[in-house]
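The structure appears right after this line, and notes come after that.
Sequence positions, counted from 1, serve as the residue numbers for this chain. Since the structure is predicted, the reported quantities are computational estimates derived from the model, not experimental observations.
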Amino acid sequence: MSRLQISNITWATFDNPPINLVDYKLISDLHDFLTWLQPAVNKTTPKAVIFNSANPEFYLGHFDLHNIAKPFTDTKTAVFNQLVECTRFLLNTTSTAFVAEINGRVIGAGHELIIQMDMRFAGPKARASSFENALGLTAAAGGQPFLGHTVGRARAMEYLLAAQEFDGPTGAALGLFNSFHPTDEQLRAKVNDLASRIGMFPQHSLNDTKFTFASLNPSITALDEQLERFVPLENMGSEQEIIQNILAASQNQTMCDFELDIPNSVVQTLWSR
């Protein structure tokens, strides 16, 4: 992850070739960045952070499946826990507005990260999905309760239970994305203009507004309870077999037709027999 700061705005760019996999490298960089953003006495933090991607096909990929494949290790557990800490940093940082500039696929854990940002804007290549149910797992880092809050219970159930995806116009119509923009240039102009406008205003008012809206989020208790339910699922033999099948079909999570067509490729490979 790289970052560029100009005045009150910081651009943070996801850049983890080949598919912006949410692995230990990306998670560690994101965790360091979000730690740096935590307010402190006599410290100036940006009023807005724009998260974009250096990869035209993938905004954020899914979680590295090696981290939930047996044998389980303390290192794998630490990586997953750090991912969860990143989501809590996103929720607890009230001094900065987080804006996702999405133009490419955002899948699984990547989807869980963007849905806990403050705003999401979609470009022509935006596609969002949580395919965990097709693996026999769940979107355990907040993806389920936050999607329900964002698009409504019935729509969230439709997309999660069937492992379907949102394209840009559909996601905008349902509220997953603030708006859809048919060109890269229009997307970039919208996000930059919005962040620049936010950056003009006093930070204490931004802080109070974000603090107020934080009360509408799912409770930390509910999020922790979902995590507890997730752990036994990944330990089941059937889920471990599915994970190995996906690793093989995706050529070990590289840029290939399988990865480019998730979630449909997962459904077709595993269940359309």
Side-chain angles (χ1 to χ4, degrees), residues 1 14-34 53-55 57-90 104-116 127-144 160 163 165 223 226-271:
M1 170 180 283
F14 296 117
D15 189 8
N16 188 28
I19 60 169
N20 275 354
L21 191 68
V22 181
D23 62 7
Y24 74 94
K25 294 179 291 185
L26 189 146
I27 293 169
S28 178
D29 283 354
L30 179 60
H31 191 274
D32 288 347
F33 175 60
L34 294 174
S53 171
N55 189 323
E57 299 297 335
F58 286 88
Y59 178 81
L60 272 175
H62 54 77
F63 191 55
D64 183 358
L65 295 181
H66 290 293
N67 274 299
I68 54 175
K70 287 185 175 179
F72 300 135
T73 66
D74 291 344
T75 299
K76 291 180 180 181
T77 300
V79 171
F80 184 76
N81 288 342
Q82 195 168 57
L83 170 64
V84 174
E85 287 179 11
C86 286
T87 65
R88 303 298 164 85
F89 273 139
L90 288 170
R105 294 158 181 80
V106 57
I107 305 168
H111 182 260
E112 296 192 87
L113 287 168
I114 64 108
I115 203 168
Q116 293 175 72
R127 288 167 53 183
S129 64
S130 288
F131 68 114
E132 287 86 350
N133 273 149
L135 306 182
L137 300 171
T138 61
Q144 293 191 144
L160 290 169
E165 69 178 5
L223 297 175
Q226 190 196 8
L227 281 172
E228 290 178 6
R229 294 194 301 272
F230 171 81
V231 174
L233 295 180
E234 65 176 342
N235 201 34
M236 296 175 67
S238 57
E239 276 58 58
Q240 288 297 312
E241 181 180 357
I242 290 171
I243 289 169
Q244 293 304 320
N245 289 339
I246 297 301
L247 287 171
S250 66
Q251 300 173 35
N252 199 21
Q253 306 174 123
T254 58
M255 182 73 77
C256 62
D257 289 342
F258 184 91
E259 286 285 353
L260 289 166
D261 197 33
I262 290 176
N264 295 326
S265 58
V266 174
V267 175
Q268 291 165 4
T269 299
L270 296 177
W271 307 111

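Within the 4.5 Å cutoff, side-chain heavy atoms of Leu34 are placed close to those of Leu90. Taking the side chain as every heavy atom from C-beta outward, Ile242 and Leu270 approach each other to under 4.5 Å. Under the 4.5 Å side-chain criterion, counting only non-hydrogen atoms from C-beta, Ile246 is not in contact with Ile243. Counting heavy atoms from C-beta outward, Leu247 and Gln253 have side chains that approach closer than 4.5 Å. For the pair Arg105 and Asn55, the minimum side-chain heavy-atom distance is 4.5 Å or more. Contact annotation: the side chain of Met255 approaches that of Phe58 to within less than 4.5 Å [non-hydrogen atoms, C-beta and beyond]. Residues Tyr59 and Asn20 fail the side-chain proximity criterion, which asks for heavy atoms closer than 4.5 Å. You'll find the side chain of Leu83 stays beyond 4.5 Å of the side chain of Asn67, heavy atoms only.
Not a single donor-acceptor pair under 3.5 Å links the side chain of Asn81 to the backbone N or O of Val84. Of the possible donor and acceptor atoms, one in the side chain of Gln226 sits under 3.5 Å from a partner among the backbone N and O of Ala139. Looking only at distances, a side-chain donor or acceptor of Gln240 sits under 3.5 Å from a matching main-chain atom of Ile68. Glu132 places no side-chain N or O within donor-acceptor distance of the main-chain N or O of Ala140, the cut-off being under 3.5 Å.
The shortest heavy-atom contact between Ala163 and Val267 is CB-CG2, 4.5 Å. Counting all heavy atoms, side chain and backbone alike, Ser130 lies closest to Leu160 at CB-CD2, 3.6 Å. Residues Val266 and Ala134 share a closest heavy-atom pair of CG1-CB, 3.8 Å. Between Ser129 and Pro263, the shortest heavy-atom contact is OG-CD, 3.6 Å. Taking each heavy atom of Cys256 and Ala249 in turn, the nearest pair found is SG-O, 4.4 Å.
Note on ring orientation: taking the six-membered ring where Trp is involved, the planes of Phe80 and Phe63 are perpendicular (angle over 60°, cut-offs 30° and 60°).
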> So Asp29 and Asn16, side chain to side chain contact (heavy atoms under 4.5 Å, CB included) or not? Walk me through it.
Replying inline: CA-CA 10 Å; Asp29 283 354; Asn16 188 28; over 6 Å; no
>> Is there a side chain to side chain contact (heavy atoms under 4.5 Å, CB included) between Glu165 and Phe131? Walk through the geometry before answering.
In response: CA-CA 8 Å; Glu165 69 178 5; Phe131 68 114; over 6 Å; no
>> Assess the residue pair His66 and Asn252 against the criterion (side chain to side chain contact (heavy atoms under 4.5 Å, CB included)); give the C-alpha distance rounded to whole Å, side-chain angles, the decisive distance to 0.1 Å, and a yes or no.
In response: CA-CA 9 Å; His66 290 293; Asn252 199 21; 2.6 Å; yes
>> Pair Thr87, Glu112 - check side chain to side chain contact (heavy atoms under 4.5 Å, CB included), show working.
In response: CA-CA 8 Å; Thr87 65; Glu112 296 192 87; 5.6 Å; no
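Between the NZ atom in Lys76 and the CG atom in Asp74 there is a gap of 11.5 Å [rounded to 0.5 Å]. Annotation: the span from Leu26 atom CG to Phe14 atom CZ amounts to 6.0 Å, rounded to 0.5 Å. Rounding to the nearest 0.5 angstrom, the gap separating the CD atom in Gln244 from the NZ atom in Lys70 is 11.0 Å. Taken to the nearest 0.5 Å, the CG atom of Leu135 stands 5.5 Å off from the CG atom of Leu137. A distance of 8.5 Å separates CG of Leu60 from CG of Leu30, quoted to the nearest 0.5 Å. If you take CD1 on Ile27 and SG on Cys86, they are separated by 7.0 Å, rounding to the nearest 0.5 Å.
His111 pairs by the ring-ring contact (aromatic ring centres under 6.0 Å, His included) definition with nothing, not counting sequence neighbours.
A donor-acceptor contact under 3.5 angstrom links the side chains of His62 and Glu259, judged on distance only.
Surrounding CZ of Phe230 are more than 12 heavy atoms belonging to other residues, nucleotides or ligands, all under 6.0 Å away.
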